[in-house]
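All remarks here apply to the structure that follows.
Everything numeric here is computed off the predicted structure, so don't read it as measured data.
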Amino acid sequence: MPQSRKIIIDTDPGQDDAVAILLALGSSELEVVGITAVAGNVPLKLTEKNARKICELAGRPDIKVYAGAIRPLARELVTAEEVHGKTGLNGPQLPEPTMPLQEKYAVDFIVETLMNEPSGTITLCPLGPLTNIALALIREPRIAPRIKEIVLMGGGFFEGGNVTPAAEFNIYVDPQAADVVFKSGIPIVMMPLDVTHKALTTARRTKAFRELGTRVGTATAEMLEFFERFDEEKYGTDGGPLHDPCVIAYLLKPELFRGRRCNVSVETTSELTMGMTVIDWWGVSRREKNAMVMRDIDHDAFFALLVERLGRL
């Protein structure tokens with residue numbers, strides 16, 4: 001049996017973050033070395049708690065969860081309770097977690113893990129603002145060549161933004177951190193709105209989770225039913241985009257996605273376009289290609305994978 005791929009999930013749960021974590025924990029091909037929480041969808045005190053709630057929902061209280069950055073590098077924190085609810089995980093009634101929060105600071109955990117594990121064996125999976133990742137790179141630049149790959153959800157180009165006309169939420173919350181990451185030279189796979197907006201949680205797909213007849217399946221359906229209401233009203237669609245699980249699905253079945261290598265630059269100075277990911281899709285700038293930018297997804301196979309793997313929990 002092939003060795004499982006070691007990953008660190010950096011996250012700000014968030015219902016779609018929760019589904020991404022569940023997908024990872026339901027997949028034997030992946031070894032979740034740790035989960036690092038960051039402020040984003042809701043403040044840090046809720047994101048670290050929500051990460052632990054999801055681990056316990058999955059029956060995995062052994063997973064180590066670390067709290068990281070309480071705010072962005074250079075800006076005030078922007079949150080998204082209007083989407084995710086006041087807890088960040090509105091929908092199901094999940095009990096308060098009993099598993100402990102690790103005492104170590106998330107950024108220290110990232111740095112120490114990357115320096116201690118063999119080079120090229122750890123993949124970083126950021127599902128929220130990139131503050132923790134940028135802080136780790138600033139604190140210890142030697143980790144950059146040791147990272148196998150960064151597979152992240154963030155940005156947009158052809159779809160524009162979802163928090164401003166130009167910017168996607170994760171990048172907008174901490175554009176300075178995103179700038180550090182995209183300039184790092186680390187291999188990056190980017191799941192922008194251009195691909196996640198094609199992964200819609202239709203009523204039929206949400207029903208499939210409920211029909212698993214498990215605690216995980218029911219909780220997932222309840223999370224999605226709450227989460228999708230905002231985007232259904234905003235976009236006029238049946239269901240809303242399921243952003244973050246695209247990151248984990250790529251690690252499991254990269255053939256579900258199509259894109260191309262591009263240069264991605266992050267706007268950090270203009271308030272009008274702050275946090276915009278300028279994706280040179282057509283190669284007109286001649287800037288070095290620094291990311292594999294996904295644009296298409298086999299959405300039926302994506303949701304089939306989600307149902308199958310969550311059904312294992």
Side-chain angles (χ1 to χ4, degrees), residues 5 7 9 11 13-27 29-30 83 123-128 149-163 167-171 182 187-209 220-221 223-225 227-228 230-232 234-262 264 277 279-282 289-311:
R5 182 170 182 169
I7 65 172
I9 299 176
T11 180
Q15 291 89 349
D16 56 329
D17 304 71
V19 177
I21 293 168
L22 292 171
L23 176 59
L25 296 179
S27 299
E29 303 98 314
L30 302 176
V83 180
T123 297
L124 301 183
C125 300
L127 310 178
E149 191 173 38
I150 294 176
V151 184
L152 65 88
M153 189 277 135
F157 190 57
F158 296 98
E159 283 287 298
N162 63 353
V163 66
E168 178 274 332
F169 178 81
N170 287 342
I171 307 298
F182 278 96
I188 293 173
V189 177
M190 175 179 174
M191 296 289 169
L193 298 178
D194 305 289
V195 73
T196 66
H197 278 184
K198 296 173 182 174
L200 296 177
T201 60
T202 63
R204 176 177 57 82
R205 288 166 172 168
T206 301
K207 183 182 177 188
F209 290 111
T220 299
M223 281 191 281
L224 296 183
E225 285 165 356
F227 174 63
E228 70 190 10
F230 179 85
D231 286 323
E232 285 179 329
K234 179 177 177 181
Y235 299 116
T237 53
D238 175 13
L242 194 54
H243 308 284
D244 293 333
C246 291
V247 167
I248 306 301
Y250 173 80
L251 298 179
L252 299 170
K253 292 195 172 185
E255 65 273 16
L256 298 182
F257 300 89
R258 290 200 315 276
R260 67 171 68 164
R261 284 188 53 75
C262 302
V264 180
T277 46
I279 298 172
D280 186 7
W281 188 258
W282 304 113
K289 296 174 181 178
N290 60 349
M292 180 70 181
V293 180
M294 294 303 176
R295 194 175 176 189
D296 289 300
I297 180 174
D298 182 341
H299 46 83
D300 285 330
F302 169 71
F303 278 96
L305 174 68
L306 279 173
V307 172
E308 188 250 318
R309 296 305 173 90
L310 268 61

Could you list all the side-chain hydrogen bond (donor to acceptor under 3.5 Å, both in side chains) pairs where at least one residue sits in residues 252-262, not counting sequence neighbours?
-> none
So, the side chain of K198 versus the backbone of R295: is there a donor-acceptor pair under 3.5 Å, distance only?
-> yes
Give a yes or no answer on whether the side chain of N162 reaches the backbone of F169 with a donor-acceptor pair at less than 3.5 Å.
-> yes
Between [atom1] on residue [X] and [atom2] on residue [Y], distance to nearest 0.5 Å:
X    : Y    : atom1 : atom2 : value
S27  : I7   : OG    : CD1   : 8.5 Å
D194 : F157 : CG    : CZ    : 8.5 Å
T277 : L193 : OG1   : CG    : 8.0 Å
N170 : L152 : CG    : CG    : 8.5 Å
I9   : I248 : CD1   : CD1   : 4.5 Å
L127 : D17  : CG    : CG    : 5.5 Å

In chain order, what residues pass the side chain to side chain contact (heavy atoms under 4.5 Å, CB included) check against F303, with sequence neighbours excluded?
-> A199, T201, R205, F209, L242, L306
Over all atoms of both residues, closest heavy-atom pair of [X] and [Y]:
X    : Y    : value
L251 : P254 : O-CD, 4.4 Å
W281 : C262 : CE3-SG, 3.6 Å
D300 : R204 : OD1-NH2, 4.2 Å
P13  : I21  : CG-CD1, 4.3 Å
L23  : P245 : CD2-O, 3.8 Å
F182 : A291 : CE2-CB, 4.1 Å

Close side-chain approach of [X] and [Y], heavy atoms under 4.5 Å:
X    : Y    : value
V19  : D244 : no
L200 : P241 : yes
T196 : D16  : no
E149 : M292 : no

In sequence, state the C-alpha distance, the side-chain angles, and the governing distance for E168 and M153, and then conclude on side chain to side chain contact (heavy atoms under 4.5 Å, CB included).
-> CA-CA 10 Å; E168 178 274 332; M153 189 277 135; 3.9 Å; yes
How are the rings of H243 and H197 set to each other: parallel, tilted or perpendicular (split at 30° and 60°)?
-> tilted
All salt bridge (Lys or Arg N to Asp or Glu O under 4.0 Å) counterparts of R309, not counting sequence neighbours | E29
